[in-house]
Each structure stands twice: as C-alpha cells, then as structure tokens.
Amino acid sequence: MISIIDYDAGNIKSVEKAISFLGSRAVITRDRDEILSSDGVILPGVGSFGDAMEKLKSYELIQTIYDYADSGKPFLGICLGLQLMFKESEETPGVTGLGLLDGKIVRIPNEDSNGNYFKVPHIGWNSIEVNKSSKLFKGIDDNSYVYFVHSYYLRADNPDDVAARTNYNVQIDAAVEKANIMACQFHPEKSSDVGLKILTNFIKMTEEGK
C-alpha cells in the first residue's frame, strides 16, 4: 500500500489515479498509523511553502513524516513536496521546512545575464539530464521531457543528492535521491510515459521491502 499524505495542498487525486493505474493500491490519508504502516509514502502538493508547513503542523503530520523517513521505506515528494523536504525557501523567509535534505529553495529569476526575459512561473515541458546511478530514474534516458509548474527551484548543497537536472534560465536541480528519500520538482503523474516509468520505479522500491 502507498499512502498519499493529505494536508489540503492539492494535486492529490491525480497522483492517486496514476498509482492506481499502475496497479498499486493508493490511499489518501493523514492517519499516522496508516502512513507508518505503508510500503511507500508520497508527499505531493501545490501552493506556498509557508502555508504548506502550517498545514502539516496543524494536522500533526511533521513528526509522522520524520518517523516514516527514519524507517528506511521509500518516501517520494512531488512539486511542493520536494521543496518542503528542505529547511528554507525564499518564498516565505523565516518559515522552517522539514530539513530532510540539505539545500535551499530560491525563486527562478525573470531575466538572464543578457537581459532575456523568462516567464515565471515556469509552466511546461522541459528535458532533463539524468543521474545514471538513480534508482528512481532507472531506464529514463537523458533529454526525456517532463512537465513542470513552479516559480521556485532547488539548489541542492550536495551534488550527489541530485537525481536529475534541467535548465530554465538557471540550472535547476529537478529531482533528488538520498537513500530512501526522493523527490521531483516536476509532476511525474502529468509527464506521460516518462512520468509513469518514474512512478513504476518508485512502486518497485516499495515492493522490494515486503
């Protein structure tokens, strides 16, 4: 069973639908026992960093997330879920994130050094450069296209944590993977066959521990 954490941050039903399409049981929940007993957990989300952390706190989900991450079982963040795994974001200064990985969330600049304009939020399909050692991206080719919707992006402190990168005015750390903790800034559930392959890889990791 894969639990999808429900903290009123949106983008939940599409993730549930994709997991179910791939033949796995998915439950949308904020129940601690249900989450901790799951084979895998997904933290999706759209919205602002500060609001999301406040909701996680109000639903008493923060310690549950820490305990699940410590269990060693696969944990996947999607979009805002990736950003929440880090300690801070320029979107809401002073708000402390989960701090599961090291890095900072910063705003995508509207202009490059030559004065060329880039629309923010970044919405659309971009190609990714894949870390070949990543289990999450096993079988995914370089220059595969995935779907992004975001105004802020990750600058990871440790290059070894980066599972995929893309460029949109700046180099964006588009996915991370460290032991059992993984996350994608893009939306695999909206990224056609490439995204479904990524989710399939995640599901296989949840099955390895059974």
Side-chain angles (χ1 to χ4, degrees), residues 1-47 51-52 55-56 59-62 64-85 98 100 123-126 128 130 134-141 144-150 163-164 166 174-210:
M1 180 184 74
I2 294 175
S3 283
I4 301 169
I5 296 178
D6 179 11
Y7 60 110
D8 296 335
N11 190 44
I12 288 181
K13 294 299 292 183
S14 58
V15 176
E16 179 196 32
K17 184 177 179 181
I19 296 297
S20 299
F21 174 80
L22 293 169
S24 283
R25 182 183 171 215
V27 295
I28 295 173
T29 182
R30 59 177 71 111
D31 181 83
R32 174 179 169 84
D33 292 337
E34 195 165 37
I35 291 169
L36 293 180
S37 65
S38 297
D39 303 306
V41 166
I42 298 176
L43 178 67
V46 294
D51 287 346
K55 288 175 181 176
L56 289 176
Y59 287 125
E60 300 181 347
L61 285 165
I62 292 176
T64 298
I65 288 172
Y66 288 147
D67 291 343
Y68 186 86
D70 287 343
S71 75
K73 293 186 288 186
F75 182 35
L76 175 65
I78 294 176
C79 195
L80 181 58
L82 172 143
Q83 298 180 13
L84 296 174
M85 290 185 174
L98 295 170
L100 294 171
I123 301 175
W125 296 82
N126 266 62
I128 52 174
V130 174
S134 166
K135 293 174 67 176
L136 189 63
F137 287 83
K138 184 178 180 180
I140 303 295
D141 294 330
S144 294
Y145 278 79
V146 292
Y147 188 77
F148 290 85
V149 182
H150 63 129
T166 192
V176 287
E177 181 177 330
K178 184 176 183 180
N180 63 310
I181 299 172
M182 297 156 274
C184 302
Q185 178 61 67
F186 58 87
H187 291 270
E189 78 284 0
K190 297 179 181 178
S191 296
S192 192
D193 291 344
V194 172
L196 290 177
K197 174 61 176 171
I198 292 167
L199 292 176
T200 296
N201 288 340
F202 177 73
I203 291 169
K204 287 180 179 178
M205 283 184 258
T206 72
E207 294 171 344
E208 289 170 0
K210 293 182 179 179

Q: Show your reasoning for whether side chain to side chain contact (heavy atoms under 4.5 Å, CB included) applies to Trp125 and Val194.
A: CA-CA 12 Å; Trp125 296 82; Val194 172; over 6 Å; no
Q: So which atom in Asp6 and which in Leu61 form the shortest heavy-atom distance, rounded to 0.1 Å?
A: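 Result for this residue pair: O-CD1, 3.9 Å.
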Q: Check for a donor-acceptor pair, side chain of Ser134 on one end and backbone N or O of Phe137 on the other, with a separation under 3.5 Å.
A: yes
Q: Can you label the angle between the Tyr147 ring and the His187 ring as parallel, tilted or perpendicular, going by 30° and 60°?
A: tilted
Q: Please tell me if the side chains of Leu76 and Ile2 come closer than 4.5 Å, counting only heavy atoms from C-beta onward.
A: no
Q: Write out all pairs satisfying ring pair (Phe, Tyr, Trp, His ring centres under 6.0 Å) with one or both partners inside residues 16-39, taking only residues at least two apart or from two chains.
A: none
Q: Applying side chain to side chain donor-acceptor pair (under 3.5 Å), which residue pairs with at least one partner in residues 72-84 are found, sequence neighbours left out?
A: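 Passing the test, one end in residues 72-84: Gln83-Gln185.
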Q: Looking at every non-hydrogen atom in both residues, tell me the closest pair between Gly72 and Asn180 and how far apart they are.
A: O-CB, 3.2 Å
Q: Taking all atoms of both residues into account, what is the closest heavy-atom pair of Pro44 and Ile5, and its distance?
A: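 Taking Pro44 first and Ile5 second, the nearest heavy atoms are CD-O, 3.8 Å.
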Q: Nearest 0.5 angstrom please: Asp39 CG to Glu208 CD, how far?
A: 11.5 Å
Q: Roughly how far, to the nearest 0.5 Å, is the CG atom of Leu136 from the CE atom of Met205?
A: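 Reported value, rounded in 0.5 Å steps: 5.0 Å.
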Q: State, yes or no, whether a side-chain contact exists between Leu80 and Val46 at a heavy-atom distance under 4.5 Å.
A: no
Q: Any idea which heavy atoms bring Phe202 and Gly40 closest together, and the distance?
A: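 The pair with the smallest heavy-atom distance is CZ-CA, 4.3 Å.
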Q: To the closest 0.5 Å, what do you measure between CD1 (Ile42) and CE (Met182)?
A: 9.5 Å
Q: Just how far is it from atom CG of Asn201 to atom CG of Leu196, taken to the nearest 0.5 Å?
A: 11.0 Å
Q: Can any side-chain N or O of Tyr68 pair as donor or acceptor with the backbone N or O of Ser37 at less than 3.5 Å?
A: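 A pair under 3.5 Å: no.
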Q: ring-ring contact (aromatic ring centres under 6.0 Å, His included) with Phe148: which residues, sequence neighbours excluded?
A: His122, His150, Phe186
Q: Working to the nearest 0.5 Å, report the span between OG1 of Thr200 and CG of Leu22.
A: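 So the gap between those two atoms works out to 4.0 Å.
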Q: For the residue pair Ser3 and Ile35, what are the closest heavy atoms and their distance?
A: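 Of all heavy-atom pairs spanning Ser3 and Ile35, the closest is OG-CA, 3.9 Å.
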Q: Is it true that Arg30 and Asp8 make a salt bridge, defined as a side-chain N closer than 4.0 Å to a carboxylate O?
A: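 Counted as a salt bridge, because a side-chain N and a carboxylate O are separated by less than 4.0 Å.
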Q: I'd like to know if Glu16 and Lys13 make a salt bridge, using a cut-off of under 4.0 Å between side-chain N and carboxylate O.
A: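 Salt bridge present between Glu16 and Lys13.
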Q: For atom NZ of Lys178, decide whether the heavy atoms of other residues, nucleotides or ligands shown that lie under 6.0 angstrom number more than 12.
A: no
Q: Test side chain to side chain contact (heavy atoms under 4.5 Å, CB included) on Met1 and Glu34; report intermediate values, then the result.
A: CA-CA 9 Å; Met1 180 184 74; Glu34 195 165 37; 3.9 Å; yes
Q: Determine the minimum heavy-atom distance between Leu36 and Thr64, stating which atoms define it.
A: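 Looks like CD2-O, 3.7 Å.
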Q: Is there a side-chain contact between Val149 and Lys190 in this structure, where contact means two heavy atoms from C-beta onward sitting under 4.5 Å apart?
A: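 No; the side chains remain at least 4.5 Å from each other.
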Q: Does some side-chain heavy atom of Leu43 sit less than 4.5 Å from a side-chain heavy atom of Phe75?
A: yes
Q: Heavy-atom distance under 4.5 Å between the side chains of Lys135 and Glu177, does that happen here?
A: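 In contact.
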Q: Once rounded to the nearest 0.5 Å, what's the spacing between atom CG of Leu199 and atom OG of Ser191?
A: 8.5 Å
